[in-house]
Amino acid sequence: MRLTGHKIAILLESDFYEPEILYYQHRFPEEGAEVHFLSRLWGRDEITFQGHEHRMPFVVRESFEDIDEFALKEFSAVIVPSGMVADRLRYTEDPTELPPAVQFLRRAFQDPAIVKGIICHGMWLTAPVPHLVRGRRAVVHNNLLGDLRNMGGRYVDEDVVVDEDLVTARTGAHCHLFARTIIDLIAVRDRERAARTRGATRAAALGGAR
């Protein structure tokens, strides 16, 4: 259970791809992680969203609008899934203001300690803030090739692409590869952090001995 103690945030709205969301719901907890599905709740306690293929209901009770800077740092990864989720989340009542979901994603990008996972059409959510992916290696659904290039991203023709703290995948059907890559990346970061801590402790002990 390599992700014990870690929290994963997954954004959600209607027209999600059911097999992908169900996979995350089980795969990340298999590794010990807490999974939190977040959306804009419009002042409600919960909203039931519906899947794209089978209209499967999915209840979300947590809002990303309630997450302050301290709570955001508790997440090891923030994932934007496939389907029409990103398109629905980028709605804004005021054209002069960024959509709340985009604001949340922008905050996550400002912290390199948080892994950002964007799969398939999820890249739509970065359209209002193209600088987030400008110059970065990524893959998207073939329908979004022009979108990625217009945002200044560097398209890579692979099913899953890692560019430091950004993990992207081609389609919802690649969610298993996508999730495994995120799990592996978080686990590697844990090992590197532990090694640095051991090194610092050893150096302090040697310094004290002198």
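Only heavy atoms go into these numbers, but all of them, side chains included; no hydrogens, no water, no symmetry mates.
- Atoms CG and CG, on L98 and L105 in that order, are 10.5 Å from each other to the nearest 0.5 Å.
- Within the 4.5 Å cutoff, no side-chain heavy atoms of D111 are placed close to those of L72.
- Here the CD1 atom belonging to I8 is positioned 9.0 Å from the CZ atom belonging to F75, to the nearest 0.5 angstrom.
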For R170 and V140, what are the C-alpha separation, side-chain angles and deciding distance, and is it a side-chain contact (heavy atoms from CB on, under 4.5 Å)? CA-CA 5 Å; R170 195 187 303 273; V140 292; over 6 Å; no
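- Across V162, D184, V161, a single residue satisfies side chain to side chain contact (heavy atoms under 4.5 Å, CB included) together with V167, and that is V162.
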Step by step, work out the side-chain contact (heavy atoms from CB on, under 4.5 Å) result for E62 and F37. CA-CA 7 Å; E62 296 182 76; F37 290 93; over 6 Å; no
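- A distance-only check finds a donor-acceptor pair linking the side chain of D68 to the backbone of A71 [under 3.5 Å].
- Proximity of D190 to V188: side-chain heavy atoms (C-beta onward) are nowhere separated by under 4.5 Å.
- With hydrogens and angles ignored, the 3.5 Å screen pairs a side-chain donor or acceptor of E20 with a backbone N or O of S82.
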Working note: Y24 + F178, criterion side-chain contact (heavy atoms from CB on, under 4.5 Å); need CA distance, chi angles, decisive distance, verdict. CA-CA 10 Å; Y24 299 154; F178 178 67; 3.1 Å; yes
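- For D94 and T96, the side-chain atoms include at least one donor-acceptor pair closer than 3.5 Å.
- Checked against the 6.0 Å centroid threshold, H6 and F28 do not count as a close aromatic pair.
- Here salt bridge (charged side-chain N to carboxylate O under 4.0 Å, His left out) pairs that include residues 41-51, with residues two or more places apart or in two chains, are E46-R61.
- The stretch residues 100-110 participates, sequence neighbours left out, in these side chain to side chain donor-acceptor pair (under 3.5 Å) pairs: E69-R107.
- Between D165 and I114 there is no side-chain heavy-atom pair separated by less than 4.5 Å.
- For residues 77-132, the set of pairs meeting the ring pair (Phe, Tyr, Trp, His ring centres under 6.0 Å) definition, not counting sequence neighbours, comprises F64-F104, H121-W124, H121-H141.
- Put simply, the side chain of E13 never gets that close to the backbone of Q50: no donor and acceptor are under 3.5 Å apart.
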